[in-house]
Number of protein chains: 2
Amino acid sequence: MGRPGPNASPTLEQVARAAGVSRATASRAINGLPYVSEKAREQVAHAVEVLGYRANQVARSLATRRTGSIALVMSEPGNFVLSDPFFARVLRGIYSGLSGSQLQLVLLMTNEQDEDGFARYLCGGHVDGALVVSLHGEDPLPSLLVEAGLPVVLGGRPLVRVDAPYVDVDNFNGACLAARHLIDTGRTRVATIAGPADMAVGMDRLSGWRRGMAGTGFPTDAVAHGDFTVEGGAAAMRRLLESHPDLDAVFAASDLMAVGALQTLQAAGRRIPEDVAVVGFDNLDIAATASPPLTTVRQPIEEFGRTMTWRLLAQLSGEAGLPPSILLQTELVRRESA
Amino acid sequence: MGRPGPNASPTLEQVARAAGVSRATASRAINGLPYVSEKAREQVAHAVEVLGYRANQVARSLATRRTGSIALVMSEPGNFVLSDPFFARVLRGIYSGLSGSQLQLVLLMTNEQDEDGFARYLCGGHVDGALVVSLHGEDPLPSLLVEAGLPVVLGGRPLVRVDAPYVDVDNFNGACLAARHLIDTGRTRVATIAGPADMAVGMDRLSGWRRGMAGTGFPTDAVAHGDFTVEGGAAAMRRLLESHPDLDAVFAASDLMAVGALQTLQAAGRRIPEDVAVVGFDNLDIAATASPPLTTVRQPIEEFGRTMTWRLLAQLSGEAGLPPSILLQTELVRRESA
DNA sequence: CTGAAAGCGCTTACAG
DNA sequence: CTGAAAGCGCTTACAG
C-alpha cells in the first residue's frame with residue numbers, strides 16, 4: 001500500500017522509536033496508565049509533540065472494542081427535526097448529560113435513500129450505543145439494533161414490543177391532570193385534539209384524557225386527531241366545532257395544536273376561556289406568549305434528554321439492576337386559557 | 001479477553017468456516033468482487049444469512065483506510081442551528097448530494113465542554129472527510145483538520161487564510177445588486193443593516209453594498225450592525241433612524257433583519273416603500289409572507305449544500321484540477337418593499 | 001478462481 | 001517499570 005508519504009500521520013510505532021521505548025510503553029504513557037517511569041513519560045510526550053502524533057481511533061477501537069462515541073438517531077426527515085424547538089431542547093439535555101463523559105455525540109438522521117447504510121453504520125461498530133428518538137409507528141430500527149447487540153435507549157415509549165429500555169414523559173398522567181382541571185373548573189362538554197395514532201405519545205395523551213374524564217358522567221366522544229402542528233390543530237378544531245358545537249372546553253395534545261385551536265375558536269367568535277377553555281401540552285415558550293396565555297402541561301424536556309443519556313451511560317458502564325423504563329413527571333401550569 | 005459469548009457478533013472467520021472457504025474468498029464474495037465462483041458465492045451468502053453476519057466496519061476501516069462516512073461540522077451551539085430554517089435547507093441539499101454515494105452523513109456540533117474530543121474524533125480516522133459550516137471569526141478548527149490531513153470543504157469563505165476549498169454564495173455581488181436596485185429606483189439616502197463583523201458573510205454583504213453605492217455620489221455612512229435575527233434588525237433600524245432620520249432606503253443583510261427593520265419603520269410611521277424602501281437577503285419563506293412582501297436577494301440554499309457535498313466527494317475520489325473555491329450566483333427578487 | 005500470509009495501528013495480558 | 005508477542009476483524013497483493 002505504498003510507504004508512508006510525507007503527509008501520512010505518524011503511528012505509535014514511530015513515536016515509540018523516537019522516544020526510545022517500546023510500543024507498549026508509549027501506549028501506556030499516552031493513555032496515562034500507571035507503571036510508566038517519569039523519564040519514559042517525558043520522552044514519549046516529547047516525541048508526540050514533535051511528530052504531531054494523534055492516535056488512530058479506528059485502530060484503538062478495534063483493539064479495545066470501544067469507540068468513544070454514541071449516536072443520537074432521529075427517525076424523522078432531517079428538515080422536520082431541524083425546525084422543531086422541542087428537539088433543540090432535548091439535544092441540549094443530552095449534551096448536558098454527556099458532559100464530563102469523554103464521549104462524542106454523533107447525530108444521525110434517517111435518510112429515506114439509504115435505510116441500509118444506516119443500520120450498517122450503527123451495527124458496524126462505529127458507536128458504543130445509541131439514543132433513538134421520535135419513533136414512528138412500528139419502526140423496526142430499535143429491534144434491529146438490539147439484535148445486533150448495540151446498547152440502545154429509546155426516547156419515548158415504543159409502540160411495539162422491543163427489548164430496549166426507554167425514557168418517557170408521563171403523558172398519560174399529564175393528560176389526566178388536564179382533563180381533571182377542566183372538569184374541576186366546571187366544564188361539562190370537553191373535547192380533545194389528540195396526536196397522531198401511530199405514535200405512543202399521541203395515544204398516551206388520549207388515554208390519559210379518557211382516564212381523567214372517566215367517572216364524571218360527561219361524554220368523551222368529541223375526539224379529533226391532529227399532527228402536532230398549528231395548522232393541524234386549527235383544522236381539528238374546525239371539525240370539532242362542527243360535530244360538537246356545544247363544547248365548552250378542549251384539551252389539545254400539544255401547545256402548537258392548542259395555538260391552532262385558539263385561532264379557530266377566536267375566528268368562530270368564541271371567547272377564551274369564557275366560552276371555551278383550552279389546555280395544551282408541552283409548556284413551550286409559545287404557551288406563555290399565546291393570547292390568551294395557555295394553561296398547559298409542563299414536561300421536563302431537557303431533563304428528558306439528560307435522563308436518556310444517563311441511562312445509556314449507566315448501561316455502558318455495566319451498571320446492574322437498571323430500570324427498564326423511566327417515567328418523568330408532568331405538571332399542570334395554570335395560565336389564562338383555562 | 002474471554003471467548004466469544006453467546007451474543008458476540010460472528011466474524012468473517014466464522015462465516016468462512018461455515019461456508020467451507022478461506023477468509024479471503026469469503027471477503028471477496030461479501031464485497032461483490034470478481035473472481036469468485038458461483039458456488040463459493042452461494043455458500044458464503046448462505047453462511048452470512050444463517051449466522052446473521054455483519055461486517056465489522058471498524059476492522060474494515062483499519063484495513064482499507066476508508067470509513068464510508070463524512071461529517072457535517074457545525075460551529076454553533078446546537079440549539080441555535082437546530083432552529084435555523086437556513087440550516088435545515090442546507091442539510092437537505094447535502095443529503096441530496098450524497099444520494100447514491102454509499103456514504104453516511106454524521107452530524108457533529110461543537111460542544112463548548114469538549115473542543116478537544118471533537119478534534120480527536122475528526123482527526124482520529126472516524127470519517128473520510130468533513131463539511132464545515134457556519135464558521136465564526138478565526139475558528140482554528142479548519143486549519144487543525146487540514147493539518148491532520150483530513151479532506152475538508154468549508155461552507156462559506158473563511159475569514160482567515162486556510163488551505164481548504166470552500167463553497168460560497170456570491171454575497172458581494174448580491175449585495176451590490178441590492179444597492180444598485182435602490183439607486184436605480186431613485187433612492188438617494190441608502191442605509192444598510194450589516195451582519196456581524198466576525199463573519200465573512202457579514203463582511204461580504206457590506207462590501208458589496210459599498211461597491212453598489214460607489215460612484216453614485218451618495219453617502220455610505222449609514223451603517224449599523226445586526227446579528228441576523230429579527231430583534232437585531234429592529235434594534236439596528238432604531239439606531240439608523242436616530243442617526244440618519246433622512247434615510248429613504250435600507251438594505252438589510254438578511255431577511256430576518258429586514259423583517260425587524262420593517263417593524264421598526266412601521267412603528268415609526270414610515271410607509272414602505274413610499275417613505276423607505278427595504279431590501280433583504282436570503283429569500284427565505286418569510287420574505288414572501290412579510291407585509292409588505294420583501295424585495296430580497298435570492299441565494300440557492302439547497303444548491304449550496306449540494307455543491308459542498310459534490311466538491312468533497314470529488315476530492316475523495318481523487319479528481320484532479322478541482323477549483324479551490326466555488327461561488328454560487330445570487331439574484332434580485334422584486335416584490336413590494338422596494 | 002482460491003488460500004496462506006502480511007498488514008492496517010493500536011492495546012494488553014504475560015513474563016520478566 | 002518494561003518489552004516481545006498476540007490479538008482485535010478485516011482486506012489485499014502474491015503465488016498458485
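Values below: every heavy atom of this structure, side chains too, minus hydrogens, waters and symmetry copies. Residue numbers start from 1 in every chain, and the chains themselves are labelled A, B, ... in the order their sequence lines are given, proteins ahead of strands. Because the structure is a prediction, the values reported are computed rather than measured.
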Handout entry: Nucleotide nearest B:Ala24 when distance is taken to its side chain, options D:dC10, C:dA4, D:dC8
Key = C:dA4
Fill in the blank from the handout: Checking C:dT12, D:dT11, D:dG9 against the side chain of A:Thr64 (C-beta onward), the nearest is C:dT12
Problem - Secondary structure string for DNA chain C (Watson-Crick or G-U under 3.5 angstrom, | for other-strand pairs) - result: |||.||||||||.|||
Problem - Separation between the C1' atoms of C:dT12 and C:dG16, rounded to whole Å - result: 16 Å
Problem - Non-neighbouring partners of A:Glu147 that pass salt bridge (Lys or Arg N to Asp or Glu O under 4.0 Å), sequence neighbours left out - result: none
Atom-pair distance ([atom1] on [X]; [atom2] on [N]), nearest Å:
{"X": "B:Arg23", "N": "C:dA6", "atom1": "CZ", "atom2": "C1'", "value": "10 Å"}
{"X": "B:Asn56", "N": "D:dT11", "atom1": "CG", "atom2": "C1'", "value": "13 Å"}
{"X": "B:Arg120", "N": "C:dC10", "atom1": "CZ", "atom2": "C1'", "value": "15 Å"}
{"X": "B:Glu38", "N": "C:dT2", "atom1": "CD", "atom2": "C1'", "value": "16 Å"}
{"X": "B:Arg17", "N": "D:dG9", "atom1": "CZ", "atom2": "P", "value": "12 Å"}
{"X": "A:Arg65", "N": "C:dT11", "atom1": "CZ", "atom2": "P", "value": "15 Å"}
{"X": "B:Arg60", "N": "C:dG9", "atom1": "CZ", "atom2": "C1'", "value": "18 Å"}
{"X": "B:Leu12", "N": "D:dG7", "atom1": "CG", "atom2": "P", "value": "17 Å"}

Exercise for the section: Say whether, by atom type as modelled, one donor and one acceptor occur between the side chain of B:Asp128 and the main chain of B:Arg66 under 3.5 angstrom. Expected result: no
Problem - Donor-acceptor contact below 3.5 Å, side chain B:Thr309 vs main chain B:Gly305 - result: yes
Completion exercise
Residues in residues 25-37 of chain A with a heavy atom under 4.0 Å of DNA chain D, by number, are A:Thr25, A:Arg28, A:Tyr35, A:Val36, A:Ser37
Practice task
Would you mind listing every side chain to side chain donor-acceptor pair (under 3.5 Å) that reaches into residues 319-328 of chain A, with sequence neighbours excluded?
Solution key: none
Exercise for the section: Among residues two or more places apart or on two chains, list those pairs meeting side chain to side chain donor-acceptor pair (under 3.5 Å) that have a residue in residues 51-62 of chain B. Expected result: B:Asn31-B:Arg60
Practice task
Write out all pairs satisfying salt bridge (Lys or Arg N to Asp or Glu O under 4.0 Å) with one or both partners inside residues 16-43 of chain B, taking only residues at least two apart or from two chains.
Solution key: B:Glu13-B:Arg17, B:Glu13-B:Arg23
Practice task
Look at the rings of A:Phe304 and A:Phe86 and say which category their plane angle falls in: under 30° parallel, 30 to 60° tilted, over 60° perpendicular.
Solution key: tilted
Practice task
Evaluate the side-chain proximity of B:Arg311 to B:Pro165: yes if any heavy-atom separation is below 4.5 Å, no if none is.
Solution key: yes
Exercise for the section: With heavy atoms under 4.0 Å as the rule, sort A:Val58 into base, sugar-phosphate or nothing. Expected result: nothing
Handout entry: DNA chain C: 5'-proximal contact among B:Leu62 and B:Val21 (nearest heavy atom)
Key = B:Val21
Practice task
Please report the closest heavy-atom contact between A:Thr67 and A:Val127, naming both atoms and the distance.
Solution key: OG1-CA, 3.4 Å
